[in-house]
A.B. asks: 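Please see the structure below; I have some questions.
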Amino acid sequence: MNLRDYPRPFYAINQFCQAHCSELKGQSFNFVMDGGYDYALNFTGETTLTWSINGAEPKEATFECVKGDETTYLVDFDVVELLDTDQRANELFVIDLDQRLVTRVYCHIGYNARLPYLIKSNYDFGAIVVEGKETPFKRHCYSSELIGTTVEWHWNYEMWTHHKYYDSDYYTLTWPDDSAAVQNLGGPFEMLPSHDDVTKVIKIKDTMYLFCLTEELMERVLQGPVFRCNNMIFLQNYDRMYHAGRTFGTVMMDGKTVPCRTLFGSFGNPIKLPDSVLYAENAYTV
């Protein structure tokens with residue numbers, strides 16, 4: 001079929017997104033963290049959990065979850081949702097059941113008085129406590145292994161972008177002329193002095209990385225016009241050449257700033273799917 005006639009063009013950047021994963025329902029985890037603040041997560045439902053720090057009274061939250069592989073989960077939830085102000089925060093955990101390790105990323109908006117939509121990220125590493133087993137000494141860690149790599153990520157049937165990983169703390173975003181990203185993203189980006197932005201790369205296991213990107217440059221230079229500062233975190237699986245993640249930030253809609261929160265995913269090279277998948281009643285059929 002002609003991909004211009006794809007039946008779900010409105011899926012945009014999240015067209016290849018995984019369905020929310022509810023496999024952790026009923027499970028509880030205790031994380032011992034190197035930063036000194038230990039966490040407990042109790043997954044009470046398919047989208048609900050309770051969380052606590054250092055044994056404090058548990059708090060309730062609604063979570064999102066996608067998978068990097070069969071034993072690696074990316075779980076995130078908002079912990080501050082004062083939508084009448086610009087103070088918001090998000091907790092994200094990569095739960096690695098295979099190695100019994102965990103990585104935590106805490107992102108918050110509103111720390112900069114001059115640029116209130118900037119996002120600050122804090123990183124912490126730890127292990128999963130399992131009764132009767134020795135707590136692992138090993139940790140996930142920052143990595144420079146992607147340096148020198150360029151990947152063409154396909155977000156939907158019309159839009160693809162190039163990620164150039166040339167530094168452990170920065171990356172460059174470009175897009176080919178035949179990608180819809182030229183129309184969707186080109187205008188604002190063409191006004192920037194460069195397309196480099198702040199990143200962190202964390203090695204989860206062989207061929208799997210946590211790629212953490214903050215769209216800080218556009219906010220500092222343009223302060224708009226559509227996308228404000230956004231934090232995007234992906235679990236990148238280089239065995240299967242896909243990544244899955246979430247956004248946390250702010251976007252302009254109808255002249256107002258509103259929270260930007262979505263799950264998304266992409267593939268590292270083009271795929272061909274039969275009509276039975278393209279037109280399946282369940283949009284997440286694979």
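Everything numeric in this text was worked out from a predicted model, so none of it was measured.
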A.B. asks: Donor-acceptor pair, D254 side chain versus K256 backbone, under 3.5 Å?
C.D. replies: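 Judged by distance alone, no pair lies under 3.5 Å.
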A.B. asks: Just wondering, more than 12 heavy atoms not from Y170 lying within 6.0 Å of its OH?
C.D. replies: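 Result for OH/Y170: open.
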A.B. asks: Indicate the ring-plane relationship of Y238 and W153, choosing parallel, tilted or perpendicular according to the 30° and 60° boundaries.
C.D. replies: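 Ring orientation of Y238 relative to W153: perpendicular.
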A.B. asks: For F264 together with F234, are the ring centres under 6.0 Å from each other?
C.D. replies: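 That pair passes the under 6.0 Å test.
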A.B. asks: Considering only NZ, NE, NH1 and NH2 on the basic side and carboxylate oxygens on the acidic side, decide whether D169 and K200 come within less than 4.0 Å.
C.D. replies: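 Salt bridge present between D169 and K200.
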A.B. asks: Do E64 and V75 pass the side chain to side chain contact (heavy atoms under 4.5 Å, CB included) test, and can you show the C-alpha distance, the side-chain angles, and the key distance before you say yes or no?
C.D. replies: CA-CA 6 Å; E64 302 170 318; V75 173; over 6 Å; no
A.B. asks: Assess K25 against F43: is NZ or CZ under 6.0 Å from the centre of the six-membered ring, and within 45 degrees of the ring's axis?
C.D. replies: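 Not satisfied by the 6.0 Å and 45° rule.
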A.B. asks: For the residue pair R139 and F137, what are the closest heavy atoms and their distance?
C.D. replies: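 Closest heavy-atom pair between R139 and F137: NH1-O, 3.4 Å.
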A.B. asks: Checking H20 side chain against C65 main chain: does a donor-acceptor pair fall under 3.5 Å?
C.D. replies: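 Present.
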A.B. asks: Tell me if a side-chain donor or acceptor on Y242 pairs with a main-chain N or O of G68 at a distance below 3.5 Å.
C.D. replies: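 Indeed, once roles are kept as given, a pair shorter than 3.5 Å links the two residues.
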A.B. asks: Look up atom OG1 in T207 and atom CG in D239, then write down how far apart they are to the nearest 0.5 Å.
C.D. replies: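 One gets 3.5 Å once the value is rounded to the nearest 0.5 Å.
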A.B. asks: So does D69 get a backbone contact from the side chain of T72, meaning a donor-acceptor N/O pair under 3.5 Å?
C.D. replies: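 No: the side chain of T72 does not pair with the backbone of D69.
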A.B. asks: Take atom CD in E60; do more than 12 heavy atoms of anything else shown fall under 6.0 Å from it?
C.D. replies: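 12 or below, so no.
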A.B. asks: Checking R261 against D76 for the salt bridge (Lys or Arg N to Asp or Glu O under 4.0 Å) test, could you report, in this order, the C-alpha distance in whole Å, the side-chain angles of both residues, the deciding distance, and whether it holds?
C.D. replies: CA-CA 11 Å; R261 296 286 283 109; D76 84 289; 2.7 Å; yes
A.B. asks: Apply the test salt bridge (Lys or Arg N to Asp or Glu O under 4.0 Å) to residues K205 and E145: give CA-CA distance (whole Å), side-chain angles for both, the deciding distance (0.1 Å), then the verdict.
C.D. replies: CA-CA 12 Å; K205 60 181 74 173; E145 292 181 358; over 6 Å; no
A.B. asks: Please give me the minimum heavy-atom distance between R246 and C107, naming the atom from each residue.
C.D. replies: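 Scanning both residues completely, I find the closest heavy atoms to be NH2-SG, 3.7 Å.
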A.B. asks: Search all heavy atoms of L210 against all heavy atoms of L74 and return the closest pair with its distance.
C.D. replies: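 Here L210 and L74 meet closest at CD1-CD1, 4.1 Å.
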A.B. asks: Is atom NZ of K203 surrounded by more than 12 heavy atoms (other residues, nucleotides or ligands) closer than 6.0 Å?
C.D. replies: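 Result for NZ/K203: enclosed.
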A.B. asks: Any sub-3.5 Å donor-acceptor pair from D197's side-chain atoms to E216's backbone N or O?
C.D. replies: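 Answer holds: yes.
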A.B. asks: If I take atom OH from residue Y209 and atom CG from residue L235, how far apart are they, to the nearest 0.5 angstrom?
C.D. replies: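 The CG atom of L235 is 13.0 Å from OH of Y209, to the nearest 0.5 Å.
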A.B. asks: Tell me whether N112 contacts the main-chain N or O of L118 through its side chain, where contact means a donor paired with an acceptor under 3.5 Å.
C.D. replies: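 Flag not set: sc N112 to bb L118 has no pair under 3.5 Å.
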A.B. asks: Look at the side chain of R240 and the backbone N and O of F267, then say whether any donor-acceptor pair between them is shorter than 3.5 Å.
C.D. replies: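 No.
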A.B. asks: Suppose we call two aromatic rings close when their centres sit under 6.0 Å apart. Are Y73 and F93 close by that rule?
C.D. replies: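 When the ring centroids of Y73 and F93 are compared, they turn out to be at least 6.0 Å apart.
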A.B. asks: Parallel, tilted or perpendicular: which describes the rings of H243 and H163, with under 30° parallel and over 60° perpendicular?
C.D. replies: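 Correct class here is tilted.
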A.B. asks: Which heavy-atom pair separates I109 from T250 by the least distance, and what is that distance?
C.D. replies: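 Where I109 meets T250 most closely, the heavy atoms are CD1-OG1, 4.2 Å.
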A.B. asks: Looking at G35 and D124, what are the two nearest heavy atoms and their distance?
C.D. replies: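 Taking G35 first and D124 second, the nearest heavy atoms are N-OD1, 3.0 Å.
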A.B. asks: Is the OH atom of Y106 crowded by more than 12 outside heavy atoms at less than 6.0 Å?
C.D. replies: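 For Y106, atom OH is crowded (more than 12 foreign heavy atoms under 6.0 Å).
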A.B. asks: Rounded to the nearest 0.5 Å, what separates atom CD1 in I128 from atom CG in D98?
C.D. replies: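 Atom-to-atom, I128:CD1 and D98:CG are 10.0 Å apart.
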A.B. asks: Does R104 qualify as a cation-pi partner of F125, given the criterion of NZ or CZ under 6.0 Å from the six-membered ring centre and within 45 degrees of its axis?
C.D. replies: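 Output no; distance or angle outside limits.
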A.B. asks: Indicate the atoms forming the closest heavy-atom contact of T161 with W155, along with that distance.
C.D. replies: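 The answer is OG1-NE1, 2.8 Å.
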A.B. asks: Kindly determine whether L49 and F77 satisfy side chain to side chain contact (heavy atoms under 4.5 Å, CB included), including the steps that lead there.
C.D. replies: CA-CA 9 Å; L49 58 75; F77 51 92; 3.9 Å; yes
